[in-house]
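Here's the structure we're looking at; comments come further down.
Residue numbers begin at 1 in each chain, while the letters A, B, ... track the order of the sequences.
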Amino acid sequence: MKYDFAAIEKKWQDNWERTKPYAATNGDTTRKKFYGLIEFPYPSGQGLHVGHPRPFTAMDVITRKKRMEGYNVLFPIGFDAFGLPTENYAIKNHIHPAIVTKNNIANFTKQLKMLGYGFDWDRCVDTSSPEYYKWTQWIFLQLVKNDMAYKDTMSVNWCTSCKVVLANEEVVNGVCERCGAPVIHKEKSQWMLRITKYAQRLIDDLDDVDYIERVKTQQRNWSGRPTGAEVIFKTTAGDDLTVFTTRCDTLFGATYMVLAPEHAFVEKWKDRITNWDEVKAYVDASARKSDFERSELNKEKTGVKIQGVMAVNPVNGKEIPVFISDYVLVTYGTGAIMAVPAHDDRDWEFAKKFGCEIVEVVKGGDVEKEAFTLKDDTGVMVNSGFLNGLTVKEAIPTMKKWLADKGLGQEKVNYKLRDWVFSRQRYWGEPIPMVNCEKCGWVPLPEEELPLLLPKVESYEPTDDGESPLAKMTDWVNTTCPCCGGPAKRETDTMPNWAGSSWYYLRYMDPHNDKALASKEAMDYWSPVDWYNGGMEHTTLHLLYSRFWHKFLYDIGVVPTKEPYQKRTSHGMILGEGGEKMSKSRGNVVHPNDIINQYGADTMRLHIMFIGDFEKSVSWSNEAVKGSKRFLDRCWNLMDMATKETAISPENEAIVHKTIRKVTSDIDDLKMNTAIAALMTMVNEFYANGLSRGDLEQLLLLLSPFAPHMVEEMWELEGFAKKYGKMAMQMNWPSYDEAKTVDAHVEMAVQINGKLKGTVTMKTDSGEAAVVAAAMALEKVKKATEGMTVVKTILVKNKLVNLIVKPAK
RNA sequence: GCCGGUGUGGUGGAAUGGUAGACACAGGAGAUUUAAAAUCUCCCGGUAGCAAUACUGUACCGGUUCGAGUCCGGUCACCGGCACCA
């Protein structure tokens, strides 16, 4: 009989659709629970990409094994449906984004079902449905109530092409992460979330979760946590100028100061600044520059000296000049720095260009040639008054204490993390449930009025001045104040696409609840997510954001755990045939559908797991898929070879037990490639030794997480389904007996002085005397030991014997 | 520059400090076939040799060890992330 994968896969998918073997049960205390999560896809118009099945299949394999091990498994799926590409598609084709989304979700659903994943489809969520975003809005209202959201006019990242504000995390090398257009700064009034309040906990609590190390490191680096000091400088304008520095030990070397062009003092000092025109021109020019121009292209330092205001170095009372320059960032620290040109590359470069004084305060370099920046903190202080003779390591606390005693400064931790810009001037997102009343200011909508539905508009295009398309809907915008009943206007910006995905794992626990985002019982039962796999690209975006929301929800008593995800792993990318990134423009995109049509879903699943180390990127090869198909054919053909015997055959006992052990531990360790290799080895042995029906039964159980359709068909054909009254996937995961994994004989290596000379076949667990005797009997060993004395033998049980020889005296 | 990671056959990749290259892809030889596909069996790091075999071999240099792809020190290359973050 031929392996007709198309018919078999359809048959079993229909069966699962009907019988729902993947349904998770809330509150089942008779079994341990396991919540496995994969990042839900954005339903793009292109459909499933070959990158999707890698993490999906891996978690499907893991959860299938967990079910067989007796766990109550929650393995859900949904769609992260709000987002710009859908909106852009709608603009271009004049179709409502909701319709585009619906069609795309239908297409994704069909494609995912073709892969035979064990999702609990009854829990499917769509972040763009009002039933869902009602609760996204509800969380936002809680953030507002707890002073975690605020509206602020500030300089924000503005994508010139998408015409939308971007969060810091969405700007990559000065360009828009999504479209690649340059990002400039714009003053805009924005909703902001105080993620910085959670910075310390977002760092500290990483110690309590089981994330792969590179994810932890990346999150720590992103949040940042340099410890330094804030130092106050008096100025001749009367204002105290505060700076942040990690090197307060070099304060005696601070010979000038620099303000960011956006620093508030620049405007404040307008009347005192004698070269105001020059200063103003520089400020305006900086504002027009994109981030990209400011950093990448702008190697040469620029700036203007502020005439008319001087600062005073608090340690020596010296008057020092003040500059403005865009190498100082307004968004970090206090937006101003003390410049120590002798010991900072940037300051040195600037000082050379503008003729500032360079004073050496740490011995060891030639500060006229280049800045002396220390790699360690053992340098000795000079020209530094009371610090002279101390090492840098000693000078830092000494100076901190001195500053604190004089009231001139204090220790300070400055996170790199910034508050989260939460407004988007876009249509296809969750409306922000706030109204602006002339009398009462910004007022949240009452919770009973949620969801605030996204109204239908004529045109989705954002305006050039940065207003959301919703701003044109005057009927919708004009409303009454929930507080005083007077006229008020709705917020017309929407939430970023990171909003819905920040809490979706909670909704899966209780997806149809209309009283709460999920019931307390459901959250108590399923929390936390036991294993979450997703892309590295989300480490400082989605993963960080959702941890933040979760911690907030924990603080207000909504969720039962401090952290949302107990374990986080990450998959490598699937690259095109030449090792290049897959992209439409390169024309090297592989669609799973094509592979499924040609070889079947089971081959697709098996191959994407076999292809290489799960954590590393790997090139896709259409040729190599054949090998996986060949393996399944070989498995299928075993049905003709198997004898009637229902027990595991004696000649295959060791290989079967060894393979069970290997596959079991490899799946837990996410080493699917070697698990499959072990299965292939076992099948090769079956071909060599012959096999019993009992041997085949074990193979089917081990293979079922990888190739569920074919296995169920064979399970039925071989009569196992009838015998046990269950599908293979409902059986217990096979167990092994350690004693039976041992072969009767082993091949051992024989080394002379650590060099391989040959092998001997020995009875398992042979003693040293027997092994040495066998080794000495080898022709090559005899030759090598001729005229030598064996001074030492090293025996590694069942592995090797190493004879250490010396010339005989 | 900082942080993290990776360097193994023609290719994807295996190897708790213990026989390097498992398992596959590609390639070669044979069987089967009228023929092809499919399938089955064998070979397959390099150099020398008909062969047995010998030497050599995990980016490079050194060290520890009876024994190193694996551990330690240094160098180089590539990939990912961050970055005028004071």
Partner of B:A14 by Watson-Crick or G-U wobble geometry, both contacts under 3.5 Å, or none?
-> none
Taking only the side-chain heavy atoms of A:Ile337 (C-beta and beyond), determine which of B:A86, B:C23, B:U19 contains the nearest atom.
-> B:A86
Contact class for A:Gly627 vs. all strands (heavy atom < 4.0 Å): base, sugar-phosphate, or nothing?
-> sugar-phosphate
Taking atom C1' in both B:A24 and B:A14, what distance in whole Å separates the two?
-> 11 Å
Can you list the steps and then say if A:Asp633 with A:Lys626 is a salt bridge (Lys or Arg N to Asp or Glu O under 4.0 Å)?
-> CA-CA 10 Å; A:Asp633 283 331; A:Lys626 277 194 278 188; over 6 Å; no
Could you check whether A:Asp347 gets within reach of a base, just the sugar-phosphate, or nothing at all, counting any heavy atom under 4.0 Å?
-> nothing
Between B:A38 and A:Arg630, is there an OP1 or OP2 to side-chain N/O distance shorter than 4.0 Å?
-> no
Would you mind telling me which of B:G7, B:C82, B:A26 lies closest to the side-chain atoms of A:Trp222?
-> B:C82
Euclidean distance for P, B:A86 against B:G21 (whole angstrom) | 50 Å
What distance separates A:Phe614 CZ from A:Met609 CE, expressed to the nearest 0.5 Å?
-> 5.5 Å
Could you check whether A:Glu537 gets within reach of a base, just the sugar-phosphate, or nothing at all, counting any heavy atom under 4.0 Å?
-> nothing
Give none if B:C55 has no partner; otherwise give the nucleotide forming a Watson-Crick or G-U wobble pair with it, both distances under 3.5 Å.
-> B:G46
In whole angstroms, how far is the P atom of B:U39 from the CG atom of A:Asp633?
-> 7 Å
Taking atom C1' in both B:G10 and B:C61, what distance in whole Å separates the two?
-> 29 Å
Over how many whole Å does the gap from A:Glu213 atom CD to B:U6 atom C1' extend?
-> 17 Å
Quick one: do the A:Glu768 and A:Thr793 side chains pair a donor with an acceptor below 3.5 Å?
-> yes
Say you pick atom P in B:G5 and the same atom in B:G73; how far apart are they, in whole Å?
-> 14 Å
Checking N1-N3 plus N6-O4 or O6-N4 for Watson-Crick, or N1-O2 and O6-N3 for wobble, each under 3.5 Å, the partner of B:G73 is B:C61
Is it possible for you to check whether A:Lys301 lies under 6.0 Å from the centre of the six-membered ring of A:Tyr327, through NZ or CZ, and within 45° of that ring's axis?
-> yes
OP1, OP2 of B:G67 versus side-chain N and O of A:Lys792: anything below 4.0 Å?
-> no
Strictly under 6.0 Å, is that where the ring centroids of A:Phe354 and A:Tyr256 end up?
-> no
Regarding the side chain of A:Lys626, the nearest nucleotide among B:G18, B:A26, B:U19 is B:A26
Pairwise C1' distance for B:C50 and B:C71, with rounding to whole Å | 44 Å
Classify the nucleic acid contact of A:Ser628 as base, sugar-phosphate or nothing, counting any heavy atom under 4.0 Å across all strands shown.
-> nothing
Ranking B:G18, B:A24, B:A86 by distance to the side chain of A:Tyr332, first place goes to B:A86
Selected nucleotide, minimal atom distance to A:Asn673 side chain, candidates B:G13, B:C66, B:U53 | B:G13
Expressed in angstrom and rounded to an integer, what is the separation of A:Asp344 atom CG from B:A83 atom P?
-> 18 Å
When rounded to whole Å, the NZ to P distance for the pair A:Lys352 and B:C84 reads 25 Å
Calculate the interatomic distance between A:Asn221 atom CG and B:G1 atom P; express it in whole Å.
-> 17 Å
Out of B:U19, B:U41, B:G18, whichever nucleotide has its closest atom nearest the side chain of A:Tyr687 | B:U41
Using the P atom in both, what is the distance from B:G62 to B:U56, to the nearest Å?
-> 15 Å
Select one nucleotide: of B:A24, B:G18, B:G4, the one nearest the side-chain heavy atoms of A:Asn802.
-> B:G18
What distance, rounded to whole Å, do you find between the two P atoms, one in B:C79 and one in B:U8?
-> 14 Å
Quick one: label A:Val618 by what it contacts on the DNA or RNA (base, sugar-phosphate, nothing), any heavy atom closer than 4.0 Å.
-> sugar-phosphate
Of A:Arg634 and A:Ala336, whose nearest nucleotide on RNA chain B comes first from the 5' end?
-> A:Arg634
Take atom P in B:A26 and the same atom in B:A38, then report the distance between them in whole Å.
-> 9 Å
Taking only N and O in the side chain of A:Lys671, is any of them less than 4.0 Å away from OP1 or OP2 of B:A15?
-> yes
Test item: side-chain donor near acceptor, A:Ser570 and A:Arg214, under 3.5 Å = no
Partner nucleotide, any strand, of B:A31 [Watson-Crick/G-U, under 3.5 Å] | B:U39
Does A:Lys301 get its side chain close enough to the base of B:C84, under 3.5 Å, for a donor-acceptor pair?
-> yes
Atom CD of A:Glu623 and atom P of B:C25 are separated, to the nearest Å, by 10 Å
d(CG, A:Asp613; C1', B:C79) in whole Å | 14 Å
Rounded off to whole Å, could you give me the CG-to-C1' distance for the A:Leu575 and B:U6 pair?
-> 14 Å
Sugar-phosphate, base or nothing in reach of A:Phe610, heavy atoms under 4.0 Å = base
Side chain to side chain contact (heavy atoms under 4.5 Å, CB included), paired with A:Leu803, selected from A:Val791, A:Val781, A:Ile794, A:Leu795 | A:Val781
If you look at every strand shown and take non-hydrogen atoms under 4.0 Å, does A:Glu615 touch a base, only sugar-phosphate, or nothing?
-> nothing
A:Glu747 side-chain proximity, nearest of B:G13, B:U19, B:G18 | B:U19
With both distances under 3.5 angstrom, what nucleotide forms a Watson-Crick or G-U wobble pair with B:G21?
-> none
Listed nucleotide nearest any side-chain atom of A:Lys616, set B:C23, B:U19, B:U6 = B:U6
For A:Ile804, report the nucleic acid contact type (base, sugar-phosphate, nothing); a contact means any heavy atom under 4.0 Å.
-> sugar-phosphate
For A:Arg247 and A:Asp249, run salt bridge (Lys or Arg N to Asp or Glu O under 4.0 Å): C-alpha distance rounded to whole Å, both residues' side-chain angles, the deciding distance at 0.1 Å, then the answer.
-> CA-CA 5 Å; A:Arg247 291 294 306 278; A:Asp249 54 301; 3.0 Å; yes
Between A:Ala678 and A:Gly758, the residue closer to the 5' end of RNA chain B by nearest nucleotide is A:Gly758
B:C78 pairs with which nucleotide, Watson-Crick or G-U wobble, both distances below 3.5 Å?
-> B:G5
Counting only side-chain N and O atoms of A:Lys780, is one of them less than 4.0 Å from OP1 or OP2 of B:A54?
-> yes
Chi-angle category of B:G9 [syn within 90° of 0, anti beyond] = syn
Heavy atoms under 4.0 Å, any strand shown: does A:Thr759 hit a base, just sugar-phosphate, or nothing?
-> base
If the plane angle is over 60° it's perpendicular, under 30° parallel, otherwise tilted; pick one for A:Trp498 and A:His538.
-> perpendicular
To the nearest 0.5 Å, what is the distance between CZ (A:Phe233) and CG (A:Leu241)?
-> 8.0 Å
So which nucleotide from B:A86, B:A20, B:A22 ends up closest to the side chain of A:Val328?
-> B:A86
